[in-house]
Amino acid sequence: MGAASSDTGRRRELAERTAAARAGGPERHRARLAAQGKLPVRERIRRLLDEGSPFTEDGLLAHTLAGDELSADGVVTGIGRVHGRDVCVMANDPTVKAGSWGARTVEKILRIQERAERLQLPLCYLVDSAGARITDQVEMFPGRRHAGRIFHNQVRLSGQVPQPCALFGPSAAGGAYIPAFCDVCFMVDGQASMYLGSPRMAQAVTGERVTLEEMGGARMHCTVSGCGDRLCPDEADALGALRTLLGFLPPSWREPPPAAAARPPTRAGGLAAAIPARASQGYDVGPVLEALLDADSFFELKALYARELVCGLGRIDGRVVGIVASQPKVKGGVLFVDSADKATRFIRLCDAFNVPLVFLADVPGFMIGSQVERQGIIRHGAKMIAELSRATVPRWCVVLRKAYGAGLYAMAGPAFEPEATLALPTAQIAVMGPEAAVNAVFANRLAELEGDERTREVERLQRAYAADLDIFRLASDLVVDAVVDPDRLRDELAQRLRASAGRRRPAVARHHGVFPV
């Protein structure tokens with residue numbers, strides 16, 4: 001009787017401790033979270049995972065004997081399912097000391113990272129944390145299995161399994177490196193922030209007066225710094241974006257991206273009409289993507305950053321592709337320092353997880369001038385070209401209208417081992433366009449002419465130069481592999497994607513190159 005009573009009592013104690021741990025921090029903190037319009041941590045996890053699927057949690061009872069309002073020590077870790085596939089989850093609980101890190105917090109994060117590596121599962125970071133608990137620094141900051149090990153593990157995991165992040169609140173001080181080391185970071189507008197030092201600290205150290213939003217807010221990071229990949233209006237959108245991203249990526253680097261049922265494009269035909277004939281006329285590349293990709297399949301990354309280049313994941317005939325496309329309506333599609341960085345990062349993501357790349361080129365080249373030279377345009381452009389050269393996934397270069405100068409190289413031109421270089425019938429490939437070339441080569445001769453005579457000579461020289469760039473001549477010389485009718489381009493790409501599915505990825509016999517950074 002005594003043993004049975006003892007067993008009942010222990011089970012009751014387990015139920016009570018479990019309920020208390022799952023409730024999170026004190027009621028006053030939960031009420032404040034609700035007032036901010038933020039979801040409880042376990043509701044975030046529930047919305048991330050497939051509806052009704054189980055979540056196997058580890059370390060739920062961490063710190064429950066301390067009696068100091070540290071339920072689960074402020075972090076939830078475990079394994080659930082997204083799109084029917086297992087994923088690991090690490091989620092800060094902002095109701096427990098603002099999601100800050102103690103010794104057991106760090107240990108739980110390390111263990112879920114190690115499990116993700118052992119099982120080769122994606123690891124989703126749901127971040128909302130004030131950073132390290134200064135009062136606990138000896139127990140969680142300097143040692144072998146302390147906070148620094150989290151970032152070490154992230155780097156080890158990088159390229160092995162997807163590591164996406166949804167940032168719902170602060171990610172402060174050293175903790176800011178968690179989203180920085182993730183593959184992508186979705187940030188909630190008006191709530192998420194990343195910063196190494198708070199505005200108060202900045203004022204004390206540098207004298208600068210700045211708001212948190214100005215220094216490290218979501219909008220700033222998604223438009224200026226490039227640390228954010230998507231500015232989300234609310235938490236539901238951030239969680240939905242995370243689910244969408246996982247639908248494009250394989251569980252690990254060893255597997256292909258998941259296939260889906262093919263869908264016809266939103267814009268059937270009309271690709272030629274979407275691209276103006278005059279090389280200098282701007283247009284939106286959006287309708288081009290609508291004509292090439294399966295309906296509603298395009299998922300753009302860094303849409304608000306370096307908008308002269310469009311990068312995102314989509315599908316052609318059900319197969320996942322990465323898109324790198326010039327955006328002529330923004331700065332003429334010229335490549336700048338930020339757009340080179342944006343492309344570099346995206347190419348690296350796709351190459352890590354076996355996603356074929358399609359480059360849609362309508363590019364005048366890289367920007368010139370003293371300002372961009374001081375910013376390091378050569379170094380950043382070289383970084384993009386280096387990443388492209390390292391990539392071993394199938395790649396295609398499609399010249400929509402023009403590819404001038406090093407812009408051809410950056411957009412996977414013929415010298416960079418694309419599976420094929422395709423071009424529309426009106427495309428041009430050259431060191432520079434006719435107007436610039438004539439001005440550069442014949443400036444002295446033209447200066448001697450005036451009026452109509454000068455106009456006629458300019459037109460004659462431009463026609464002669466343009467004839468030298470004729471796309472059919474380039475096809476005759478095998479510079480381009482195929483000239484494709486615009487209405488056939490989607491089918492052409494679909495066929496080539498299908499044929500490249502078995503491409504072997506060669507190993508490189510060296511530690512690594514020394515590339516620009």
Side-chain angles (χ1 to χ4, degrees), residues 50-51 53 81-87 120-122 161-162 164 183-184 229-230 240-271 274 285-301 303 310-325 346-347 349-360 391-398 400 412 418-420 422 424 481-482 484-505:
D50 293 346
E51 185 174 357
S53 66
R81 295 179 75 78
V82 176
H83 303 306
R85 300 178 298 173
D86 287 334
V87 300
Q120 290 290 280
L121 297 178
V161 299
D183 301 326
V184 297
D229 290 275
R230 183 184 179 99
L242 206 158
R243 284 184 57 86
T244 298
L245 178 81
L246 290 173
F248 285 109
L249 299 178
S252 78
W253 68 283
R254 298 180 184 277
E255 300 182 41
R263 289 186 292 184
T266 302
R267 184 187 181 99
L271 180 58
V285 77
V288 174
L289 299 179
E290 290 176 355
L292 293 179
L293 300 175
D294 292 8
D296 303 320
S297 72
F298 188 56
F299 185 68
E300 188 172 0
L301 297 175
V310 173
C311 296
L313 299 162
R315 294 181 183 275
I316 296 178
D317 205 28
R319 297 178 182 271
V320 176
V321 294
I323 297 291
V324 180
F346 183 71
I347 293 167
L349 172 69
C350 291
D351 191 57
F353 295 114
N354 307 312
V355 176
L357 284 156
V358 175
F359 293 79
L360 301 175
T392 57
V393 290
R395 304 175 304 285
W396 291 269
C397 172
V398 180
L400 297 176
E419 295 293 300
L422 312 178
L424 300 188
D481 296 285
V484 184
D485 184 279
D487 291 340
R488 282 274 312 149
L489 182 57
R490 172 181 157 86
D491 291 341
E492 180 90 10
L493 287 170
Q495 291 165 9
R496 292 178 180 274
L497 269 166
R498 191 178 308 113
S500 72
R503 174 181 168 126
R504 295 174 59 192
R505 301 189 61 175

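In this text the structure is predicted, and so the values were computed from the model without any measurement.
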Show every donor-acceptor pair shorter than 3.5 Å between a side-chain atom in residues 245-253 and any protein atom, with sequence neighbours excluded, or say none if there are none.
residue: Ser252; atom: OG; partner: Arg254; partner atom: N; Å: 3.3

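- Here the side chains of Leu242 and Val82 are not in contact, with every heavy-atom distance at 4.5 Å or above.
- Side-chain contact check for Val87 versus Leu121: every heavy-atom pair is 4.5 Å or farther apart.
- Between Val321 and Val355, the shortest heavy-atom distance links the atoms C-CG1, 3.6 Å.
- When all heavy atoms of Val288 and Ala274 are compared, the closest pair comes out as CG2-CB, 4.3 Å.
- We find the CG-CG distance between Leu301 and Asp183 to be 10.5 Å, quoted to the nearest 0.5 Å.
- Using a 4.5 Å heavy-atom cutoff, the side chains of Phe359 and Pro418 are not in contact.
- Side chains of Cys350 and Leu313 form a contact here, defined as non-hydrogen atoms less than 4.5 Å apart.
- Nearest heavy-atom pair, Arg263 versus Arg490, reported as atom, atom and distance to 0.1 Å: O-NH2, 3.1 Å.
- Evaluation of the side chain to side chain contact (heavy atoms under 4.5 Å, CB included) rule for Arg319 yields Leu497, Arg498, Ala501 as partners, not counting sequence neighbours.
- At least one side-chain heavy atom of Leu360 sits less than 4.5 Å from a side-chain heavy atom of Leu292.
- One finds the CG atom of Leu289 at 8.0 Å from the CD atom of Glu300 (value rounded to the nearest 0.5 Å).
- Taken from CD1 in Ile323 to SG in Cys311, the straight-line distance is 10.0 Å, to the nearest 0.5 Å.
- At a threshold of 4.5 Å between non-hydrogen side-chain atoms, the residues Thr266 and Phe298 do not count as touching.
- Residues forming a side-chain hydrogen bond (donor to acceptor under 3.5 Å, both in side chains) with Arg243 (at least two apart in sequence, or on another chain): Asp50.
- The two residues Arg315 and Ala259 have their closest heavy-atom pair at NH1-C, 3.7 Å.
- Expressed to the nearest 0.5 Å, how far OG of Ser297 lies from CG of Asp317 amounts to 11.0 Å.
- Minimum interatomic distance between Arg81 and Ser53 (heavy atoms only, all atoms of both residues): O-OG, 3.8 Å.
- In this structure, Asp294 contributes its side chain and Gly318 its backbone to a donor-acceptor pair below 3.5 Å.
- Of the possible polar contacts, one joining the Asn354 side chain to the Glu255 backbone as a donor-acceptor pair under 3.5 Å is found.
- Between Arg505 and Asp351 a salt bridge is recorded (basic side-chain N to carboxylate O distance below 4.0 Å).
- Shown here for Phe346 and Gly312, the closest heavy-atom pair between the two residues is CZ-O, 3.2 Å.
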